[in-house]
Amino acid sequence: MTAPPWWASAVVYQIYPRSFCDGDGDGVGDLSGIRSRLDHLVRLGVDAVWLSPFYRSPMKDFGYDISDHCDVDPVFGTLADFDALVADCHARGLRVLVDLVPNHTSDLHPWFQASRSSRYHPMRDWYWWRDGGPDGGPPNNWVAAFSPDPAWTFDAATGQWYLHQFLPEQPDLNWANPEVEAAMHDVVRFWLDRGVDGFRIDVVHGIGKDPQLPDDPPEVAGLPHVPLNDRPETHVHLRRLRALLDSYPGDRMMLGEVFLLDTAKVAAYYGDGDELHLSFNFPPLFAPWKASAWRRQIETTAAELDPVGAWPTWVLSNHDTVRHRSRYGSEARARAAALLLLGLRGTPVLYAGEELGLLDAEVPAERVVDPGGRDGCRAPIPWDPTHGHGWPTDPWLPFPPEADTHNVADEWADPRSTLDLYRRSLVARRASAALRTGAQRLLEVPAGVVGWVRTAGADRRVVLVNFSDEVVDLEGTEALAATAGWQVEVASDRQGEGSRFTGQLGPDQAVWLRPG
Ligand code: GLC
């Protein structure tokens, strides 16, 4: 048996650089700030960091609109800061993933500036330029993300429209042009040569397009086009990208953002083991705190991914979505969700601040900055209980609620904190092959509960999550028979931790059990 690759057993930690830690006192987080806080990540016990974009950008989409893929935006620091960060991460055994944004650039990127300069410019075809429709409107009925508006903007200077699945300031690149693909491969080489361990790839399912650009069908017309874009062309590009990564030593990997809300479709992006190493699977991210919903997500994920040898990923929060503590409605649930996330078969991706049990910030109308309405989950990380919470000046967004108690310093000092729950869980996970990479089988449990067993050789663990707000007794169930005499290794509310399992689960309680 060959050992599983590092990314299968890794716990990935997403850092949104603007919001993590401000090293230079301008109110915006930066690379030197991240570098100064790596000890927090080591103590927490994660294996890899994914850095959301820190490249040169006009910041219309806070860095997902890139004007130079091969430089650091001054607000985040310099390439030297980046190199130092990678060196420090590697010295601590942390892998580094950077965000690759291949679907679009900023409208201020020199490529787009050249492309828009004339219909006859050799780079015109690097983007999607078309004449208007018969009525003089946009070339088709596609709708942009974050708005009810067309995914097309008219450019008066050359009398044509350009495609943008996101903001008008984010024109879509034309990957059907081999020069675009080659340029993007150069970007990938640039970061691989600097030592990154891989990429999180933004809206990767968006890059291939139907060259006819047909209208979206009437039943989905008016919805954003991007979650509908699912084309064979993309798989050709992914296989070539994979070959490029594979030509480098050291298990470089790619984790794709395949924002298709259907796990069967997501499975296709792993190819035949020759496309993405990992893909996000978003349906569970949008599942409510309900046993039946989660059981279905777990079953569907296994049913779609296992047969094709695709390794799952699990995520509860990110920079685009209301944090799961806010979504699920209580801290007890958020804590139980930590054991759910970290106990499932697959690679978990944490979002900075979830280990603190943070809520979304309430952002007053005058401080709203994101066109997609995602400011709440991007609130700055509170590092300590002081007025500035470790930020030298007032940060770009307000702090989340409860920052006087839900901050890094206070939570490290409190063995009952959510942070300590994550730490204990990650210690237990690291010590158990069953939890890291073991097989998974759902157990028969009472309504309101989901339970499963993880197995790797002789190593076994059972995960039980009570999604109900009542005490549940497992008497007479398969789950209890399978765990007779077992110990509670980790409990989301610490109740019973370290003792023999009683067979009862508290309201919104999750436990990890180990043979006694
Ligand atoms: C992805 C990113 C999101 C960004 C969008 C456009 O969905 O996660 O933050 O706005 O792509 O790049």
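Every heavy atom of this structure was used, including side-chain atoms; hydrogens, water molecules and symmetry mates were not. Both ligands and their constituent atoms are indexed starting at 1 by order of listing.
Summary of contacts: the protein heavy atom closest to atom 7 (O) of ligand 1 is Glu257 OE2, 2.9 Å. In this structure, atom 11 (O) of ligand 1 lies nearest to the protein heavy atom Asp202 OD1, 2.8 Å. Looking from atom 8 (O) of ligand 1 to the surrounding protein, the closest heavy atom is Asp320 OD2, 2.5 Å. Regarding atom 5 (C) of ligand 1, its nearest protein heavy-atom neighbour is Phe166 CE2, 3.7 Å.
Note: Tyr269 and His235 have tilted aromatic rings, judged against thresholds of 30 and 60 degrees for the angle between ring planes. Classification of the Phe82-Trp191 ring pair by plane angle, with boundaries at 30° and 60°, yields perpendicular. Using a 30° and 60° split on the angle between ring planes, His40 and Trp383 fall in the perpendicular class, above 60°.
The residues Arg95 and Asp47 are annotated as not salt-bridged, no charged nitrogen and carboxylate oxygen being separated by less than 4.0 angstrom.
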I'd like a table of donor-acceptor pairs (distance under 3.5 Å, sequence neighbours excluded) in which one partner is a side-chain atom from residues 258-266, with atom names and distances.
{"residue": "Asp262", "atom": "OD1", "partner": "Ala264", "partner atom": "N", "Å": "2.9"}
{"residue": "Thr263", "atom": "OG1", "partner": "Asn281", "partner atom": "OD1", "Å": "2.9"}

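Neither the backbone nor the side chain of Gln14 comes within contact range of ligand 1; no heavy atom lies under 4.0 Å. With a 4.0 Å heavy-atom cut-off, ligand 1 is reached by the side chain of Phe146 but not by its N, CA, C or O. At a 4.0 Å heavy-atom cut-off, ligand 1 does not touch Gln165 at all.
At least one heavy atom of Arg200 sits less than 4.0 Å from an atom of ligand 1.
Close approach of ligand 1 to Asp61 (heavy-atom distance below 4.0 Å) involves ligand atoms 4 (C), 5 (C), 6 (C), 10 (O), 12 (O). Per-residue contacts place Arg374 under 4.0 angstrom from the following atoms of ligand 1 (heavy atoms of the residue considered): 3 (C), 4 (C), 9 (O), 10 (O). Within ligand 1, the atoms closer than 4.0 Å to a non-hydrogen atom of His104 are 6 (C), 12 (O), numbered from 1 in the order shown. Heavy-atom contacts of Arg378 reach the following atoms of ligand 1: 9 (O) (cutoff under 4.0 Å).
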| said: Assess the residue pair Tyr64 and Asp99 against the criterion (side-chain hydrogen bond (donor to acceptor under 3.5 Å, both in side chains)); give the C-alpha distance rounded to whole Å, side-chain angles, the decisive distance to 0.1 Å, and a yes or no. | reply: CA-CA 9 Å; Tyr64 283 96; Asp99 222 300; 2.8 Å; yes

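Evaluated for a side chain to side chain donor-acceptor pair (under 3.5 Å) with Tyr422, the options Glu411, Glu355, Glu354 yield exactly one hit, Glu354.
Asp370 places a side-chain N or O within donor-acceptor distance of the main-chain N or O of Arg374, the cut-off being under 3.5 Å.
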